[in-house]
Q: 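Got a structure for you, questions after.
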2 protein chains.
Amino acid sequence: MAKIKSKTNGTKKEVIVDAATRLFREKGFKAASMRDLAEAVGVEAASLYNHIQSKEELLQEICFKVANAFNQKCDEIEASGIANIRKVEAILRFHIQQMFNHYEMVIVADREWRHLSDPYLSNYHNQRRAYRKRIAGIIEEGIANKEIKDVDAPTVVLIMLHAVNGIESWHRSKEKISPKQLEENMVLIMIEGLKA
Amino acid sequence: MAKIKSKTNGTKKEVIVDAATRLFREKGFKAASMRDLAEAVGVEAASLYNHIQSKEELLQEICFKVANAFNQKCDEIEASGIANIRKVEAILRFHIQQMFNHYEMVIVADREWRHLSDPYLSNYHNQRRAYRKRIAGIIEEGIANKEIKDVDAPTVVLIMLHAVNGIESWHRSKEKISPKQLEENMVLIMIEGLKA
DNA sequence: AATATACAAACGAACAGCTGTTAGTTGCAT
DNA sequence: ATGCAACTAACAGCTGTTCGTTTGTATATT
């Protein structure tokens, strides 16, 4: 039985991915060096390669973990029988909650995925496009059902998905309103404005 | 000898800044090398330094050009005597239009300003914070006047300023609605939802 | 209980390539 | 002939990564 586990919980690789997430978020993928990462983990740069294959693998892990979370939640919401406007609201709320609980991961995926290389790059890119089309589809159904105002669905998707990125600033601001208040405000502004 | 061709009324430095803007947008500041930039301009890397002082100077130029444009427009709007909700709408419309006409510049400034170094970094950072507070102030006045719904003003600012970044995706999408349509949709969704 | 074995995981040194930038030189238009 | 703007060559430092080796420790054998 090999002891691969680190002190508290999770494999050493997970520790490395966590540190990479923090580092990529604050310096950007290109500007964060493996030596920086090694220092953050408390180890020499060469030692990292006992646990990972490459720097890019770290970015892959981050990007697809985020993508999977959103796709999975979207499956769940789409399967539920609730009204389309409610589905849109649920998706928005999930994005907001992810930005509270795992914002470094989400931000890194959103900002640095372009640095993936090609089997992964186009995979991620396709998933991203498909995800947006999916949400646009829900909105268009809602418009057809007259639950939702007659607006351009892809535009609503753009607004929603980018608006939640603003929560990054909230994390660093001093006078924070509570997460719940922020969520309710966002939903109020973005969903109430949509209702027919 | 290859020579930098200057447009009818633009210095060679402006040609370089324009190419840098394009390059920084598509590869990111760190990933874009001076040799990449030189190739885009049609010149050897060393030759660039006859016109600029450093790579960072290019980023400074981009960031502060964008910041100045927004600050200036905000002065103008604030000075006009229109209702607060109208001011917010005017600011939103200006952001949208800037994202249509100069989106590479705006995106680079928004995404890469962290790579500035310190006199410029904190200057930019302060301007950014001040700008957001300014808009939040207008919104709060509007709430006090009962023109605007009782929402958290900083949250509205976050949503608005980040939502317009979605226009970057519009630039690369195939089935584009017209700029005017997009603008009207955005205003409809984001401003109508605010009105008291 | 002491020893041997096995193997994960750390290390220092080195690599080849790229980074921004400088120096010195040369060509071209005025 | 003066000077701007291009060139080539080179720099010192950093990049991700590989190599061979050593260390620590959990298990198996004695």
Side-chain angles (χ1 to χ4, degrees), chain A residues 1-21 23-24 26-63 108 112 114-118 120-121, chain B residues 1-21 23-24 26-63 108 112 114-118 120-121:
Chain A
M1 306 276 195
K3 179 178 177 181
I4 327 167
K5 307 285 180 182
S6 151
K7 304 123 198 165
T8 50
N9 52 343
T11 67
K12 188 96 191 187
K13 180 168 177 177
E14 287 173 327
V15 173
I16 294 173
V17 173
D18 284 357
T21 304
L23 213 65
F24 292 169
E26 65 183 29
K27 307 185 87 171
F29 176 73
K30 268 285 177 183
S33 78
M34 293 305 277
R35 286 166 180 85
D36 290 337
L37 176 57
E39 194 183 1
V41 173
V43 108
E44 289 300 312
S47 308
L48 296 171
Y49 288 85
N50 288 316
H51 306 278
I52 63 164
Q53 289 188 354
S54 66
K55 186 186 184 186
E56 203 194 301
E57 191 202 3
L58 294 168
L59 186 56
Q60 288 162 17
E61 210 114 339
I62 296 166
C63 288
V108 169
E112 312 288 349
R114 292 159 220 268
H115 294 105
L116 292 170
S117 58
D118 210 354
Y120 301 95
L121 179 61
Chain B
M1 232 177 218
K3 212 175 176 187
I4 294 180
K5 48 180 176 180
S6 46
K7 299 176 198 166
T8 46
N9 40 338
T11 70
K12 292 150 193 179
K13 182 169 176 178
E14 285 172 329
V15 174
I16 294 173
V17 173
D18 284 356
T21 304
L23 213 64
F24 292 169
E26 67 182 28
K27 307 186 90 173
F29 176 73
K30 268 285 179 182
S33 77
M34 293 304 277
R35 285 166 181 84
D36 290 337
L37 176 57
E39 195 183 359
V41 173
V43 110
E44 289 300 313
S47 308
L48 297 171
Y49 288 84
N50 287 318
H51 305 280
I52 63 164
Q53 289 188 354
S54 67
K55 186 186 184 186
E56 203 194 300
E57 191 202 3
L58 294 168
L59 186 57
Q60 289 161 18
E61 210 114 341
I62 295 166
C63 289
V108 168
E112 312 288 349
R114 293 159 219 268
H115 294 105
L116 292 170
S117 58
D118 211 357
Y120 302 95
L121 178 62

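Quick caveat, the model's predicted, so the values are computed rather than measured. Just so it is clear: chains get the letters A, B, ... in the order the sequence lines come, proteins before strands, and each one is counted from 1. Values reported hereafter were calculated over all heavy atoms of this structure, with side chains retained and with hydrogens, waters and symmetry mates removed.
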Q: From Asp18(B) CG over to Leu23(B) CG, what is the distance, rounded to the nearest 0.5 angstrom?
A: 12.5 Å
Q: Rounding to an integer number of Å, can you tell me how far Glu56(B) CD sits from dG20(C) P?
A: 12 Å
Q: Nearest whole Å is fine: how far is dG16(D) P from Glu39(A) CD?
A: 14 Å
Q: Using only heavy-atom distances, decide whether a donor-acceptor pair under 3.5 angstrom links the side-chain of Asn50(A) to the base of dA8(C).
A: no
Q: Which pairs would a plain distance check flag for residues 27-38 of chain B, meaning a side-chain donor or acceptor within less than 3.5 Å of a matching protein atom at least two apart in sequence or in another chain?
A:
residue: Lys27(B); atom: NZ; partner: Asp36(B); partner atom: OD2; Å: 3.1
residue: Ser33(B); atom: OG; partner: Arg35(B); partner atom: N; Å: 3.3
residue: Ser33(B); atom: OG; partner: Asp36(B); partner atom: N; Å: 3.0
residue: Ser33(B); atom: OG; partner: Asp36(B); partner atom: OD2; Å: 3.3
residue: Asp36(B); atom: OD2; partner: Ser33(B); partner atom: N; Å: 3.2

Q: Taking CD from Gln60(A) and P from dG16(D), how many angstroms apart are they, rounded to a whole number?
A: 15 Å
Q: I need the full list of salt bridge (Lys or Arg N to Asp or Glu O under 4.0 Å) pairs touching residues 42-61 of chain A, with sequence neighbours left out, sorted by first then second residue.
A: Lys13(A)-Glu57(A), Lys13(A)-Glu61(A)
Q: Could you check how far CG of Leu37(A) sits from P of dA10(C), rounded to whole Å?
A: 12 Å
Q: Between NE2 of His115(B) and CG of Leu59(B), what distance do you get to the nearest 0.5 Å?
A: 8.5 Å
Q: Nearest to the side chain of Val43(B), which nucleotide is it out of dA10(C), dA6(D), dT17(D)?
A: dA6(D)
Q: Rounded to whole angstroms, how far apart are CG on Leu48(A) and P on dA9(C)?
A: 13 Å
Q: Output the rounded distance in Å from NZ (Lys13(B)) to C1' (dA5(D)).
A: 16 Å
Q: Using a cutoff of under 3.5 Å, can you pull out all pairs of nitrogen or oxygen atoms linking the protein to nucleotides 12-19 of chain C, with atom names and distances?
A:
residue: dA14(C); atom: N6; partner: Arg35(A); partner atom: NH2; Å: 3.4

Q: Ile16(A) and side-chain contact (heavy atoms from CB on, under 4.5 Å): which single residue from Leu58(A), Thr21(A), Val43(A) fits?
A: Leu58(A)
Q: How long is the gap from CG on Leu48(B) to OG on Ser54(B), to the nearest 0.5 Å?
A: 11.5 Å
Q: Counting only side-chain nitrogens and oxygens, does His51(B) get under 4.0 Å of the OP1 or OP2 atom of dA6(D)?
A: yes
Q: Looking at side-chain heavy atoms only, is the closest gap between His51(A) and Thr11(A) below 4.5 Å?
A: no
Q: To the nearest Å, give me how far apart CG (Leu59(A)) and C1' (dG16(D)) are.
A: 15 Å
Q: Take the protein atom OH of Tyr49(B) and the nucleotide atom P of dG24(C), then report the distance between them rounded to whole Å.
A: 18 Å
